[in-house]
Every structure is written in structure tokens, then in C-alpha cells.
Amino acid sequence: MTIFNGWFSWFSALFFSKSAEISIVGLQASGKTSFVNALGLGQWSEDVVPTVAFNLRKVKRNNITFKIWDVAGQPKFRTMWDRYCRGVDAIVFVVDAHDREKLPTARFELHSLLDKQELMGVPLLVLGNKSDLPDFMPVEELIRALDLNTIRDRPVSCYSCSMKSSHNLDIVLKWLAERAK
């Protein structure tokens with residue numbers, strides 16, 4: 001029976017696999033690379049180096065291969081975000097849900113990105129990261145603070161998460177999988 005299961009898994013992966021290309025953007029130190037690492041390793045890691053420009057990573061989860069653009073969030077790189085978001089299956093915007101002072105900047109940068117004509121219709125997933133910290137912003141507050149209700153030209157979802165505990169990682173993976181081809 002084990003040989004049959006192995007053969008069936010190989011056959012299924014060969015003919016029923018999907019792929020999705022996603023871009024991860026957000027302000028510096030919001031947890032973008034930690035999110036990519038959590039997707040790839042299935043767990044959080046403290047060994048994260050700030051991204052310079054971008055990183056490209058392929059992650060295979062079940063029968064889906066994710067091509068992930070992890071784009072730097074420092075001010076000098078934000079003007080490049082739209083280049084890495086063109087033609088993707090989804091944009092993931094990671095925001096530090098604990099750092100309320102950066103929310104106006106995050107809102108401005110998010111809406112500036114979404115105003116690009118070539119990105120119209122690309123689904124948006126907002127992740128309020130660092131929900132394990134005290135006084136983090138719950139999803140309802142993030143939706144208001146980022147004006148997500150005003151976005152009409154694309155599907156929008158918002159979840160809170162914590163890369164340390166992989167909180168909501170399965171829900172996020174399901175959302176991303178639904179956009180796979």
C-alpha cells in the first residue's frame with residue numbers, strides 16, 4: 001500500500017499542482033521576511049536580516065508552489081513596489097499592528113501602490129503582524145486605520161497574525177491557495 005500511496009502522490013503532484021506568484025510589501029520592520037520564512041519553514045525564526053531591494057523565494061506547500069517577491073520596505077525602495085506587484089496573483093501588505101505611529105505612513109504607501117492602474121484588480125491581503133505584542137490593533141481597527149473599506153477595485157482581506165506563533169498561518173495559506181492557478 002505504501003508504494004501505491006507514494007506513486008499516487010507523485011502522480012497527483014505532477015498533474016494537479018498549482019502555482020501562485022505573490023508580492024510581499026510593507027514598511028520596514030513590519031515582518032515581511034518573517035512571513036516568507038514562516039511560509040517556507042512552517043515556523044518563525046529570529047534570524048532575519050533586513051531585506052535590501054528584494055528577495056525571490058520559491059516555497060512549496062502541499063501541491064502549490066508559491067513564487068514570492070519579498071520587497072524591501074525602506075523609503076528608498078517603496079517606489080519600486082509596483083514593479084514587483086505587476087502580474088502577480090496577490091499582493092500581501094504586512095503592517096506592524098503594534099506600531100500605531102507608522103499607520104498613517106502605511107496607509108499612504110498602501111493606497112499609493114493600489115492607485116497604480118496596472119495593479120487594478122489584483123487581490124490584496126493585509127496582515128496585521130505582531131498580534132502577540134500587548135496593545136496590538138485588532139483587525140477591525142486595522143481596517144479603519146488603513147481605510148480598507150474604501151478599496152473597491154479588488155478583493156480585499158485582512159487578518160491579524162503573529163509569526164512567532166504562526167497564528168492564522170493556515171488561514172492565510174488557504175487564502176493564498178485560492179488565488180493559485
Would you tabulate the side-chain donor-acceptor contacts of residues 108-128 under 3.5 Å, counting partners in other chains and residues two or more places apart, or write 'none'?
| residue | atom | partner | partner atom | Å |
| --- | --- | --- | --- | --- |
| H111 | NE2 | L146 | O | 2.7 |
| S112 | OG | F108 | O | 2.8 |

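Using cut-offs of 30° and 60° on the angle between ring planes, the pair W81 and F93 is perpendicular.
Under the side-chain hydrogen bond (donor to acceptor under 3.5 Å, both in side chains) criterion, R154 pairs with no residue, sequence neighbours left out. Checked against side-chain contact (heavy atoms from CB on, under 4.5 Å), A29 has no partners two or more places apart in sequence or in another chain. With sequence neighbours excluded, the residues that form a side-chain contact (heavy atoms from CB on, under 4.5 Å) with R57 are V36, N37, L41, V59. Partners of R83 under the salt bridge (charged side-chain N to carboxylate O under 4.0 Å, His left out) rule, at least two apart in sequence or in another chain, do not exist in this structure. Contacts of E178 classified as salt bridge (charged side-chain N to carboxylate O under 4.0 Å, His left out), with partners at least two apart in sequence or in another chain: none. In this structure, D99 has no side-chain hydrogen bond (donor to acceptor under 3.5 Å, both in side chains) partners at least two apart in sequence or on a different chain. Taking W175 as the reference, nothing meets the ring pair (Phe, Tyr, Trp, His ring centres under 6.0 Å) condition, with sequence neighbours excluded. Take P75 and apply the side-chain contact (heavy atoms from CB on, under 4.5 Å) test, not counting sequence neighbours, and it matches Q28, R78.
Nearest heavy atoms, A72 versus F77: CB-CD1, 3.5 Å. Residues R100 and D135 share a closest heavy-atom pair of NH2-O, 3.1 Å. Heavy-atom minimum distance, C158 versus V139: O-CG1, 3.7 Å. Heavy atoms only, all atoms of each residue included: A145 and M137 are closest at CB-CE, 3.7 Å.
Going from atom CE of M80 over to atom CH2 of W69 covers 10.5 Å, rounded to the nearest 0.5 Å. Atom CZ in R107 sits 9.0 Å away from atom OG1 in T105 (nearest 0.5 Å). Within the model, atoms CD of E21 and CG of D89 stand 7.0 Å from one another, a figure rounded to the nearest 0.5 Å. In this structure, CD in E140 is found 11.5 Å from CG in L148, a value given to the nearest 0.5 Å. Going from atom CG of L103 over to atom CZ of R144 covers 12.0 Å, rounded to the nearest 0.5 Å.
Looking at S30 and N129, their side chains never come closer than 4.5 Å, going by heavy atoms from C-beta outward.
L27 and F136 fall into different hydrophobic clusters, where Ile, Leu, Val, Met, Phe, Trp and Tyr residues are linked whenever their side-chain heavy atoms come under 4.5 Å apart, directly or through other members.
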With side-chain contact (heavy atoms from CB on, under 4.5 Å) as the test, would you mind laying out the steps for V92 and L176 before giving the verdict? CA-CA 9 Å; V92 178; L176 292 170; 4.0 Å; yes
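Among I22, T33, V25, V94, the one residue that satisfies the side chain to side chain contact (heavy atoms under 4.5 Å, CB included) test with D70 is T33.
Using a distance-only test at 3.5 Å, with no hydrogens or angles considered, a donor-acceptor pair links the side chain of K32 to the main chain of G26.
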